[in-house]
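First the structure, in the form of structure tokens, and then the observations on it.
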Amino acid sequence: MTVTHHRLLVHNGTFALLGPSGDVTGARGPLPDGLFTRDARHLSRWQLTVDGTTPTVLVPTTHGSGGTASCVLAPPGSRGEPPAHTVFREQTVTAGTLVERIRVVGNRATRDRMLIALTVDADFADQFELRSDHRWYAKPHAVRTRETLPDGVAFGYRRREWHSRTVVSAEPAPDAVEDTGSGARRLVWRVELEPRGEVELVLRVAAHPHGAPGPAEGADDLTGTGTLPSAGPGRETLDRACARGLADLAALRIPAEGPDGTVHRVPAAGVPWFLTLLGRHALFASLLALPHRPQPAAATLAALAGTQATEEDPARLAQPGKIVHEVRHGELAHFGEVPYARYHGAVDSTPLFLVLLDEHARVTGDPTTARALEGNARAAVEWMFRHGGLDEHGYLVPHPDRGGPTDQTWKDSPDAICFADGTPAKGPITAASAQGYALDALLRTARLARGVWGDPAWAERLESAARELRERFLADFWMPEHDFPALALDGAGRRVDALASDAGHLLWSGMFDAERAVRVGRRLMEPDFFSGWGVRTLAAGQDAYHPLAPHRGGVWPHDNAVLALGLARYGLREELDRLASGLMALAGRHDHRLPEVVTGYGPGEHPEPVPYPDACSPGAWAAAAPLALLTAHRVVDGEGTGAGSGRGDGSETDGGRHHDGPVPEPAGAG
């Protein structure tokens, strides 16, 4: 999402999208403004007038410190008769709350009288209702209420057992609360300013969503839990991008329950549409940040264990042991009008859960979480074999979902998995990236089985399965004519021959032998892949390439961060430096915040990055990407290991010469 004239505030599961004047208009579509929490809009109108007119914006809404936005307004005026007063608005979002301070300052040496009014409303719209997808949802028996309070107004919404409430209070209390006739209410103050005096109104909007959890554990600030190591001379932009990424990760954390009911704070995927737990996003963000901040990983593991499927539910693609893809708390999910209350339509979240579980134990040196989640890990492995396809197909293969993505990996837009000529692959689709995660998950779980759970026999079985998977993959996916892996196998077992960035995920997972890995890593940095800002999801020059399609040409920083860790694993320093330089140039164009995705146009086609209009900002896995670059640089500089580094695993990384044993070691082994 490109927020050009709006300002976004986000904190602990709540966000507000505000217009240039600090107002909220109740918009729908690409920019649904308002105050949101738990997938519902709790404030849909918030419009200020002075003496019946909308003030002119002198300074549009801008960020200040501590997650606060401010703007400066004035009534219409002229050179001969400048505005009689100035309005300063300051707005802050915390968990479930918006606080606004309106300060009116007189500009004349005479008294000034005015009428200040704020029109407010809460439509309690589910976020799925606000999208521009032309869907309509019946909401039978829904009742809305408005109650005038001594210091404001309360809005209520009830539909059977579902009940939400928004309370607006003010200090001083309004002189009147008026019915606008449209359901909204107008709070009115009759104000008298002393000569060059000022008055201040303080308003508080408190959202009370249905089923809100209690206080979360781990309420620490990620930005203040230890100093990050410097990226080194000449990498100051990376230092600033890491700091910005940590701030965004901290803001995006939301409450989620673990297996024992304890509430943890996990990385939400992004704003505005995905301020919720998406398994794949939380796993990647946690993995990329883990060497520097372990808290998100511990919280993510607990939350995903708490939502792991225990029985079959075809409507939600759930099978025992499968890790959730998406969790929603809104009204439509509650009543089953969308299937996302707990939706398991991802083929890769389950192996990535196992990868994170081992990596957390390895990086922290503390196996407590791995011991506590042994049962969840065993169930996840059982899903991979029994339901995920390893037993039946030899690969992870998604179960089809009518109307949902066909491959169920992170490249989940329509036609993302296609042949080089642009022909969409027909399912069930066996995606290459998911097989890399499966390989890594088997090896990592074997290490936990042997070293933490005391089950060497099971470890040997998992290592044998990993060896067979790797041999099978190289036979079935490798395209000798391109010296590159296929993007996928289609339902008929044909190689989907588009050249795609998924090969970087295979580097990270350790799927290739050393010589092949080096060739793949260098191929990904050739000009048809590398735009100058980062590696495209699909190499340019193929008929399938589309610079404005997010998964057929766009550049995703998290995708590039995974590639960076793969390059570091095999000692490809020159390629890593060039990739990191491009990403940092991209960050520098966005106030050091890496966008979730940009289009495939490079600096030779346009001097500035061309944004993708529907990108999240901020997004969790993009926020964690600079931390992965920091890890990758430290690996190739010989200063440490990290998620996907491949260092310390009994192999050598020396100028790209990576010597593997008969069974590949897990990524990031140490």
Side-chain angles (χ1 to χ4, degrees), residues 39 126-128 131 133 135 137 256-257 259 266 269 273-274 276-284 300 303-330 332-356 376-417 424-435 437-438 441 488-491 551:
D39 298 323
D126 191 290
Q127 279 197 280
F128 284 92
R131 297 178 182 233
D133 56 8
R135 299 185 187 184
Y137 299 94
E257 291 188 3
V266 302
W273 300 113
F274 300 105
T276 190
L277 175 61
L278 297 189
R280 181 189 303 124
H281 288 68
L283 286 161
F284 267 122
T300 294
L304 293 180
T307 52
Q308 187 177 28
T310 57
E311 59 186 13
E312 292 205 41
D313 183 351
R316 297 180 178 179
L317 298 189
Q319 297 106 15
K322 196 175 185 183
I323 295 299
V324 76
H325 169 57
E326 184 170 358
V327 177
R328 288 288 183 175
H329 303 286
L332 298 181
H334 176 83
F335 288 107
E337 293 172 271
V338 296
Y340 305 119
R342 285 191 184 180
Y343 180 63
H344 290 76
V347 74
D348 52 4
S349 295
T350 306
L352 287 170
F353 171 82
L354 295 167
V355 171
L356 182 61
N376 302 91
R378 288 182 179 272
V381 172
E382 176 66 14
W383 176 84
M384 289 171 61
F385 283 98
R386 182 179 177 187
H387 299 284
L390 287 184
D391 278 340
E392 181 180 357
H393 305 289
Y395 295 115
L396 291 185
V397 181
H399 290 255
D401 179 21
R402 181 178 299 176
T406 55
D407 71 301
Q408 297 176 19
T409 65
W410 78 271
K411 289 185 175 178
D412 56 2
S413 59
D415 301 342
I417 308 301
K426 302 299 182 182
I429 293 170
T430 305
S433 60
Q435 315 319 314
Y437 311 150
L489 303 179
D490 70 2
H551 298 124

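Just so we're clear, the structure is a prediction, and the values are computed from it rather than from any experiment. Because only heavy atoms are used, hydrogens play no part in the values below, and waters and symmetry mates are left out as well, while side chains stay in.
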* **Spacing of CG belonging to Leu332 relative to CG belonging to Asp126, to within rounding of 0.5 Å** => 3.5 Å
* Would you please name every residue forming a salt bridge (charged side-chain N to carboxylate O under 4.0 Å, His left out) with Arg378, sequence neighbours left out? => Glu374, Asp455
* To do: Kindly write out the residues that satisfy ring-ring contact (aromatic ring centres under 6.0 Å, His included) with Tyr395, not counting sequence neighbours, or none if the list is empty.
  => Phe477
* What residue pairs, at least two apart or across chains, pass side-chain hydrogen bond (donor to acceptor under 3.5 Å, both in side chains) with a residue in residues 347-356? -> Arg280-Asp348
* Can you find a pair of side-chain heavy atoms, one from Val347 and one from Thr409, that are under 4.5 Å apart? -> yes
* To do: Starting from the C-alpha separation in whole Å, work towards a yes-or-no answer on side chain to side chain contact (heavy atoms under 4.5 Å, CB included) for Val327 and His329.
  => CA-CA 7 Å; Val327 177; His329 303 286; 3.9 Å; yes
* **His551 vs Asp412 side-chain heavy atoms within contact, under 4.5 Å** => yes
* **Residue pair His387 / Glu312, side-chain heavy-atom distance below 4.5 Å** => yes
* To do: Would you name the heavy atoms of Ala380 and Gln308 that are closest together and state the gap between them?
  => N-NE2, 3.7 Å
* Compare all side-chain heavy atoms of Val338 with those of Tyr343 and state whether any distance is below 4.5 angstrom. => no
* To do: For side chain to side chain contact (heavy atoms under 4.5 Å, CB included), just list the numbers for Leu390 and Leu396, CA-CA rounded to whole Å, side-chain angles, deciding distance to a tenth of an Å, and then say yes or no.
  => CA-CA 6 Å; Leu390 287 184; Leu396 291 185; 4.0 Å; yes
* Structure fact -> Heavy atoms of Leu283 and Phe353 approach each other most closely as CD2-CA, 3.7 Å
* Non-hydrogen side-chain atoms of Leu304 and Leu277 separated by less than 4.5 Å -> yes
* **Which atom of Ala488 lies closest to which atom of Ala431, heavy atoms considered** => CB-CA, 3.9 Å
* Verdict with reasoning, His399 to Gln319, per side chain to side chain contact (heavy atoms under 4.5 Å, CB included) -> CA-CA 10 Å; His399 290 255; Gln319 297 106 15; 3.7 Å; yes
* Working for side chain to side chain contact (heavy atoms under 4.5 Å, CB included), residues Arg342 and Asp313 -> CA-CA 10 Å; Arg342 285 191 184 180; Asp313 183 351; over 6 Å; no
* Structure fact -> Heavy-atom nearest pair, Ala309 first then Ala318, reads CB-CB, 3.9 Å
* **Ring-ring centroid check Trp410 His281, cutoff 6.0 Å** => no
* To do: To the nearest 0.5 Å, tell me how far Leu278 CG sits from Phe284 CZ.
  => 13.0 Å
* **More than 12 heavy atoms of other groups within 6.0 Å of Glu392 CD** => no
* To do: Decide if atom CZ of Arg131 counts as having more than 12 heavy atoms of other residues, nucleotides or ligands within a radius under 6.0 Å.
  => yes
* Mind checking the CG-CD1 spacing from Leu354 to Ile323? Nearest 0.5 Å is all I need. => 7.5 Å
* Considering all heavy atoms of both residues, which atom of Ala333 and which atom of Arg316 are nearest to each other, and what is their separation? -> O-NH2, 4.4 Å
* **Any Phe128 side-chain heavy atom under 4.5 Å of Arg328 side chain** => yes
* With side chains defined as the heavy atoms from C-beta onward, is the minimum distance between Asp39 and Gln127 less than 4.5 Å? -> yes
* State the CD-CD1 distance between Gln408 and Ile417, to the nearest 0.5 angstrom. => 11.5 Å
* Structure fact -> On a heavy-atom basis, the closest approach of Lys426 and Asp490 is O-CB, 3.5 Å
